[in-house]
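Everything numeric in this text was worked out from a predicted model, so none of it was measured. Just so it is clear: chains get the letters A, B, ... in the order the sequence lines come, proteins before strands, and each one is counted from 1.
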Amino acid sequence: MTDAEGPSLSTDTAQRIVEALLFATPVPLTEAEILAYLPEPLPVLPLLRALQTDYAGRGVQIEEHGGRWAVRTAPDLGRYLQRLQIKPKTLSQAALETLAIIAYRQPVTRAEIEQIRGVTVSRGTLDLLVDTGWVRPRGRKAVPGRPVTWVTTPAFLDHFDLQSLDDLPRLEELTGAGLFDALAAGSDEPDEKD
Amino acid sequence: MTDAEGPSLSTDTAQRIVEALLFATPVPLTEAEILAYLPEPLPVLPLLRALQTDYAGRGVQIEEHGGRWAVRTAPDLGRYLQRLQIKPKTLSQAALETLAIIAYRQPVTRAEIEQIRGVTVSRGTLDLLVDTGWVRPRGRKAVPGRPVTWVTTPAFLDHFDLQSLDDLPRLEELTGAGLFDALAAGSDEPDEKD
Amino acid sequence: MSDSSPLSEPLAESDEDALIVAVEGFSGPLDLLLALARKQKVDLTKVSILTLVEQYLAFLDAALARRLDLAADYLVTAAWLAYLKSRLLLPAPSEPEAEEALALAEALTQRLQRLEAIRGGVVQLQARPRLGVERLARGAPEGLAVNTVDGFTTTLPELLRAYGASLARAKSTKLRMARPEVVPIDVARDGLRERLQAQRDWLALEDALPARLRSANLARSAKASGFAAALELARMDEAELRQEAAFTPLYVRSTGRRRET
């Protein structure tokens with residue numbers, strides 16, 4: 001190029017140029033294309049091979065595909081180049097209540113949940129609970145219409161650090177804990193329950 | 001991450017991950033950002049410093065600009081890579097002077113820039129500099145009118161290969177006379193434009 | 001002007017602001033003054049302000065003669081410089097005024113130095129190994145992905161509280177609204193008859209009902225039913241009603257007659 005450099009390009013400089021070139025190129029380059037960047041003709045392949053050896057085992061490597069050369073991150077590191085970001089989300093009151101009813105009354109149909117909550121349970125609420133991985137449908141109830149019944153999953157127990165469903169505090173245990181202030185004493189389990 | 005890997009990440013693997021991250025990222029990364037990609041917390045700075053040493057004298061190098069890290073081709077190779085160069089958007093003298101004033105005097109208000117240049121700074125000039133990503137508004141000055149002040153960004157440091165603002169080329173004319181301090185007080189140009 | 005006039009070597013600048021009328025490529029009076037000062041080929045601190053002022057004024061005269069459209073800035077500066085020149089030339093009437101003139105000249109020199117310094121900074125910055133020119137970034141970065149996943153969180157107490165809330169609501173839905181107590185008209189009529197028989201004189205309607213019908217929660221209903229009952233008894237000629245004026249108490253008295261219903 002324009003430079004009034006000594007008559008001969010050192011192999012070291014040539015190698016550095018090729019390294020920088022492979023790094024900066026937006027598309028993989030052929031040997032001929034690489035040669036065109038060198039200020040004087042030099043065998044390109046040995047330079048590429050030497051670089052390839054240099055980078056072996058590093059976080060990036062020199063790759064050749066169909067006669068074109070490029071720098072690429074090492075394939076085994078691919079999983080580290082994506083960061084998992086957990087966006088904490090809280091459940092709505094409706095979802096929490098539905099989850100609680102499923103936990104205590106399982107297996108339970110949607111109609112039964114609605115009867116307890118006194119309001120309609122939207123399809124979306126159940127879908128959301130399925131998304132959390134804490135709730136799943138299981139079988140159908142042998143009543144007219146054969147409605148789907150809902151149960152909790154092992155992930156539910158896991159999240160709440162419960163060994164089994166029996167570990168869920170019973171209502172009698174809760175009334176004293178201030179959690180059930182709204183509940184008058186006695187008759188906590190109303191109606192249905194087949 | 002979810003990986004069932006051994007209890008501890010080897011330094012070698014950590015180094016490879018950091019290397020791959022720096023090659024794969026389209027924008028310079030802070031240490032905290034790099035840390036977020038590591039499967040377990042490790043001191044990042046020593047890894048970066050080690051990489052920097054590894055790459056010293058090669059065709060690409062590890063650079064730090066304003067606390068952000070990136071891989072860049074070695075500056076002396078620029079002349080060989082001309083065909084890959086991005087034609088820089090040529091800034092007008094007005095824009096360059098404004099940029100220099102912001103760089104040397106930050107945080108600086110538009111009125112202060114105008115005082116130094118002796119002409120109105122058009123809205124367009126600042127917009128253009130913001131477009132380059134080198135300049136951004138930061139807060140307001142506690143003077144009447146509460147004008148916005150302008151500062152340079154890490155991208156500015158990266159563009160001009162400065163590690164920090166302390167690396168700005170020294171201006172002999174400025175160092176001796178305490179010129180800027182002296183004139184900041186002497187409100188010779190009270191003309192506030194819009 | 002001489003052939004070394006700054007007019008012959010315009011400084012390239014095109015400020016985007018349309019309000020600034022570029023004078024032969026100068027971005028403003030200070031820019032022009034700096035170019036003129038450089039003509040003196042001395043250190044800016046040693047620039048002859050008088051010479052500079054002369055040159056500036058001569059430049060403007062030439063520009064005006066050529067009918068260049070001068071921005072107001074140039075003329076304002078010209079006026080200021082003419083004033084400065086007069087202060088520098090004429091013997092100052094007092095010491096402070098002489099000092100003021102020198103201070104003004106000094107300030108001008110410093111402004112020129114400052115602009116020159118910044119321009120030096122521009123040159124030095126441009127000489128740095130710039131990104132995208134001397135230093136290149138990765139041409140095809142793989143990119144880093146951020147995979148956002150929704151992680152739902154809740155706690156056992158929250159779950160239990162929700163259960164409690166839903167059960168509590170289930171209970172409350174079974175509440176029955178109590179039917180409001182009223183005094184039926186026939187009860188009021190019988191009560192009224194009873195009182196009027198016992199007491200043959202005028203009675204305020206409020207007092208004419210039996211005490212048991214005058215309890216607080218029945219008062220409104222008793223008043224309404226009592227009034228209706230009194231009207232009914234009057235219609236049947238069993239009682240007569242009297243009122244002094246509108247909104248005053250209503251009095252009721254038995255006529256002594258009794259009609260069997």
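Contact between B/E19 and A/G59 at its shortest, heavy atoms only, is OE1-N, 2.6 Å. Among all heavy-atom pairs drawn from B/V60 and A/A20, the shortest one is CG1-CA, 4.1 Å. Taking both residues in full, the closest heavy atoms of B/A74 and A/R16 are given as CB-NH2, 3.3 Å, listed atom of the first, atom of the second, then distance. Considering every non-hydrogen atom in both A/P26 and B/L84, the closest pair reads CD-CD2, 3.8 Å.
Every residue two or more places apart in sequence or in another chain was checked for a side chain to side chain donor-acceptor pair (under 3.5 Å) with A/D12, and none qualifies.
B/I17 touches chain A through backbone and side chain together, each having a heavy atom under 4.5 Å away. For chain B, no part of A/V18 is nearby; none of its heavy atoms comes within less than 4.5 Å. There is no contact between A/L22 and chain B, counting heavy-atom distances below 4.5 Å. Interface residue A/L21: backbone and side-chain heavy atoms are both found under 4.5 Å from chain B.
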Side chain to side chain contact (heavy atoms under 4.5 Å, CB included) between B/V71 and A/F23: does it pass, once the steps are laid out? CA-CA 9 Å; B/V71 188; A/F23 171 82; 3.6 Å; yes

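Under the 6.0 Å distance and 45° angle rule, B/R58 counts as a cation-pi partner of A/Y55.
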